[in-house]
Amino acid sequence: MFTEEKKEEKSLNFLEEIVEADLQSGKYTQIITRFPPEPNGYLHIGHASSICLNFGLTKKFPGYTNLRFDDTNPVTEDTEYVESIKNDIRWLGFEWEHELYASDYFDILYNFALTLITKGLAYVDDSTSDEIAALKGTPTEPGKNSPFRDRTVEENLVLFERMKNGEFPDGSLTLRAKIDMAHMNMLMRDPILYRIKHAHHHRTGNNWCIYPMYDFAHGQSDSIETVTHSICTLEFAPHRELYDWIIEKLEIYPSRQYEFARRNLNYTVTSKRKLLQLVQEGYVNGWDDPRMPTLSGMRRRGYTPESIRDFCDRIGVARRENMIDVGLLEFCVREDLNKKALRRMVVLDPLKVVITNFPEGVTEMCHSENNPEDIAAGVREIPFSREILIEKEDFMEIPAKKYFRLAPGKMVRLKGAYIIQCDDFVKNESGEITEVRCSFIENSKSGQDTTGINVKGTLHWVSAAHAAPVEIRLYDRLFSVEDVSSEELDFKEYLNPDSLHVITGYAEPALLDSNPGDSFQFLRKGYFAADAESTAEKPVFNRTVTLRDNWAKASESK
RNA sequence: UGGCCGAUGGUGUAAUGGUAACACAGGACAUUUUGGUUGUCUUAUUCAGGGUUCGAGUCCUUGUCGGCCAACCA
């Protein structure tokens, strides 16, 4: 018997095509990519895409990927971020070849600047920031030369050295490339290469008071590392001309830049500035708040690395603007957790049910599979007794059409236990149903049912006497509009007021056997992960995502 | 009135001059001791006009629409 391996050949994305062509033409025998975060914030779902792209390329083709921190702006950067970034990349499932820092190249970069000055391709400018802006021109008007543009090489060398030595205050002088103030590409109008910042750097301390700009650090860092394919987002496309110019004038290793469109998720913000604001102004409880689209937040929420990688894989990569439905991300995590998560019964909004024909004070053990998708996960014991708890929404005094849960006279299966029939119910003075009275059907116990009765509905339940109260945090999307950037008001105006509800749930005893980070499927309710701070004394579960719910969908549309 | 980059179902990605495919979302049915899962079916004159060609989503051209570019941020 032959089991034919019919692996559907997935077509290459445009970056893979470029790499494959470069490999086939013999331009390279191996490729080198890099993931270049600035350590000024936590990694988010958008970064995951870039990580999967860069590391994915060298997984598919010969070569390796470096982690390089783009730490050229000391005032916003911090080692806290360095650590979280490394942790998140590893959690996602990737390992870099070398851990590198642009700041390691400050000496080399300084010498590159000297080379440019010596070649008459860079000059020290005394202009203020406003003056530089004023002479820059606009996209439709050419700029004008700075009055300091024609200093001699010697003068520039001396001034640049004095800049480095700390003889000038912040913002007083800059080093600029001498290119063309009338260039169509604004970035080529004598871009600033170095600026003065008397600031403490997280790695170089107070060794430097001049720091290179992105354009004078990124391309050269790529070149120093002989990165073959430097992949970045579309907004850097105009920088490519400058990237190439610097490499050409410095006559260094010609790394090449390729751009892809950043991935946008609806109902989500991934701007570092906005995320920082949410954290600093207390709209969320830190970078790892489970509502945050940060990798640390998603981890705490219960997202698995596999599901995030699968998501990145499914959305692909291209060069056009996009808005991806967050529902796809939810689909990915459901699909992964469906295979892995152990099932447990937890009642979130309890209603007491008394089984009137079941003896008082007796506990009977029932059994249920831990995961119907995975027989190897085994079965567990669940105590059953005279008083149980079910969800309020699982009983209706006057059942709606096609409602096949509990209602007067109706029968339902209690998952893993007996079929019960509703005989009566009790209301309080305000008309609220406080108790449902049922009788269980003899010989209908799960696994040994000889009654032949076919019921439409199966409910999750928990024995009242054995129920363990657990804190449950119900999360919903953080924003109530698809795209805050296309709305008129400040993005915080669109925060979803219902993004978090904390309730007490009543769990079957088996749930208590869990550790922080463990994921479970609460039957019929969704996937939940034990919070990082969950303890045996105070168990806390975060809802990762609800289950698909066709009944809720159908009732909504009515 | 500038330059650069884009445009394929509701969404995302394919089709590399030769039958518009896959996934998600939506809809229908079946299965089910989770209204979960699973299975089947279903949803597009490829932004518009013109051109090249036996043949165009793909090449050329014009237009329209969208994004990006004037931080001592990355």
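The sequence lines fix the lettering, A, B, ..., with proteins before strands; numbering per chain opens at 1. All heavy atoms count here, side chains included; hydrogens, waters and symmetry mates do not.
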What is the nucleic acid contact for Tyr403(A), judged by heavy atoms within less than 4.0 Å: base, sugar-phosphate only, or nothing?
base
Write down the distance separating the P atoms in C41(B) and G12(B), rounded off to the nearest Å.
26 Å
Can you tell whether the side chains of Glu369(A) and Lys415(A) come within less than 4.0 Å, N to carboxylate O?
yes
Roughly how many Å is it from CD in Glu393(A) to P in G35(B), rounded to a whole number?
11 Å
Can you check the distance between U32(B) and A20(B), where both ends of the measurement are the P atom (answer in whole Å)?
39 Å
When we call it a touch if two heavy atoms are under 4.0 Å apart, what does Gly447(A) touch: a base, just sugar-phosphate, or nothing?
base
According to salt bridge (charged side-chain N to carboxylate O under 4.0 Å, His left out), who are the partners of Asp244(A), at least two apart in sequence or on a separate chain?
Arg256(A)
Test salt bridge (Lys or Arg N to Asp or Glu O under 4.0 Å) on Lys340(A) and Glu373(A); report intermediate values, then the result.
CA-CA 8 Å; Lys340(A) 301 173 181 168; Glu373(A) 303 295 314; over 6 Å; no
Taking atom C1' in both A44(B) and A15(B), compute the distance separating them and give it to the nearest angstrom.
14 Å
Using whole Å, report how far CG of Leu414(A) lies from P of U34(B).
13 Å
Nearest-Å distance for atom pair CG/C1', residues Asp449(A) and U32(B):
15 Å
Taking atom C1' in both U38(B) and U33(B), what distance in whole Å separates the two?
16 Å
Report yes if the side chains of Glu330(A) and Thr544(A) come closer than 4.5 Å at any heavy-atom pair, otherwise no.
no
Parsed dot-bracket for RNA chain B after applying the Watson-Crick and G-U rules with both distances under 3.5 Å and | for other-strand partners is .((((((..((((....[..)))).(((((.......)))))....(((((..]....))))))))))).....
N/O (side chain, Arg320(A)) to phosphate O (OP1/OP2, U8(B)) under 4.0 Å
yes
From the set U13(B), U33(B), G6(B), return the single nucleotide nearest to any side-chain atom of Arg413(A).
U33(B)
Looking at Lys553(A) and Asp549(A), does any basic side-chain N land under 4.0 Å from a carboxylate oxygen?
no
Spacing of Asp180(A) atom CG relative to G3(B) atom C1', expressed in whole Å:
13 Å
Using a heavy-atom cut-off of under 4.0 Å over every strand shown, decide if Ala318(A) touches base, sugar-phosphate, or nothing.
sugar-phosphate
Under a 3.5 Å cutoff, is there a donor and acceptor pairing between the side chains of Arg189(A) and His183(A)?
no
For Asn322(A) and U11(B), is the shortest distance between a side-chain N/O and OP1 or OP2 below 4.0 Å?
no
Rounded distance in Å - CG (Asn454(A)) to P (U32(B)):
8 Å
Expected string for nucleotides 68-74 of chain B under the B/S/- scheme (protein heavy atoms, under 4.0 Å, primed atoms plus P, OP1, OP2 as sugar-phosphate) is SSB-BSB
Can you measure Ile324(A) atom CD1 to G12(B) atom P for me and round it to whole angstrom units?
7 Å
For atom CG of Asn454(A), is the number of surrounding heavy atoms from other residues, nucleotides or ligands below 6.0 Å larger than 12?
no
Only counting residues at least two apart or in another chain, list the ones meeting salt bridge (charged side-chain N to carboxylate O under 4.0 Å, His left out) with Glu161(A).
none
Between Ile192(A) and Leu175(A), does the side chain to side chain contact (heavy atoms under 4.5 Å, CB included) criterion hold? Intermediate values first, please.
CA-CA 6 Å; Ile192(A) 293 169; Leu175(A) 181 73; over 6 Å; no
Look at all strands and tell whether Arg319(A) reaches a base, only sugar-phosphate, or nothing, counting heavy atoms closer than 4.0 Å.
sugar-phosphate
Is the NZ or CZ atom of Arg176(A) both under 6.0 Å from the centre of the six-membered ring of Tyr123(A) and within 45° of that ring's axis?
no
Does a distance-only test, which skips hydrogens and angles, find a donor-acceptor pair under 3.5 Å between the side chain of Thr458(A) and the base of U34(B)?
no
Any side-chain heavy-atom pair from Thr546(A) and Arg334(A) closer than 4.5 angstrom?
yes
Hey, does Val75(A) reach any base, or is it just sugar-phosphate, or nothing, if we go heavy atoms under 4.0 Å?
nothing
Categorize Gly416(A) for me: base, sugar-phosphate, or nothing, with a 4.0 angstrom heavy-atom threshold over every strand shown.
base
Every protein N/O lying under 3.5 Å from an N/O of nucleotides 23-26 of chain B:
from   : atom 1 : to        : atom 2 : distance (Å)
A23(B) : O2'    : Arg314(A) : NH1    : 2.7
G26(B) : OP1    : Lys553(A) : NZ     : 2.8

For Arg34(A), is there an ion pair with Glu225(A) - N to carboxylate O distance below 4.0 angstrom?
no
Arg151(A) bridged to Asp125(A) by N-O distance under 4.0 Å
no
d(CG, Asp310(A); P, U13(B)) in whole Å
16 Å
Find the distance Tyr243(A):OH to C4(B):C1' and express it as a whole number of Å.
18 Å
Answer with yes or no whether the side chains of Thr304(A) and Asp336(A) bring together a donor and an acceptor at under 3.5 Å.
yes
Taking the side chain of Leu523(A) as heavy atoms from C-beta outward, which of U1(B), A14(B), U34(B) is closest to it?
U34(B)
U42(B) to A56(B) separation - C1' atoms, rounded to the nearest Å
29 Å
Could you measure between the two P atoms, the one in U37(B) and the one in A23(B), and give it in whole Å?
16 Å
5′-ward residue of the pair Phe14(A)/Pro372(A) relative to RNA chain B
Phe14(A)
Using atom C1' of each nucleotide, how far apart are A70(B) and A14(B) to the nearest Å?
38 Å
So Asp449(A) and Tyr418(A), side chain to side chain donor-acceptor pair (under 3.5 Å) or not? Walk me through it.
CA-CA 8 Å; Asp449(A) 185 349; Tyr418(A) 294 96; over 6 Å; no
Could you check whether Arg343(A) gets within reach of a base, just the sugar-phosphate, or nothing at all, counting any heavy atom under 4.0 Å?
base
Taking U58(B) as the reference, what is the distance to U53(B) when you measure between their C1' atoms (whole Å, please)?
13 Å
Using the six-membered ring wherever Trp is involved, compare the ring planes of His201(A) and Phe106(A) and label them parallel, tilted or perpendicular (cut-offs 30° and 60°).
perpendicular
Determine, for Asp476(A) against Arg543(A), whether the closest basic-nitrogen to carboxylate-oxygen distance falls under 4.0 angstrom.
no
By the 4.0 Å heavy-atom rule, please label Glu259(A) as base, sugar-phosphate, or nothing.
nothing
Strand-adjacent residues in residues 262-269 of chain A, judged by heavy atoms under 4.0 Å from RNA chain B:
Arg263(A)
When the nearest nucleotide of RNA chain B is assigned to Thr140(A) and to Leu459(A) on a heavy-atom basis, which residue is associated with the more 5' position?
Thr140(A)
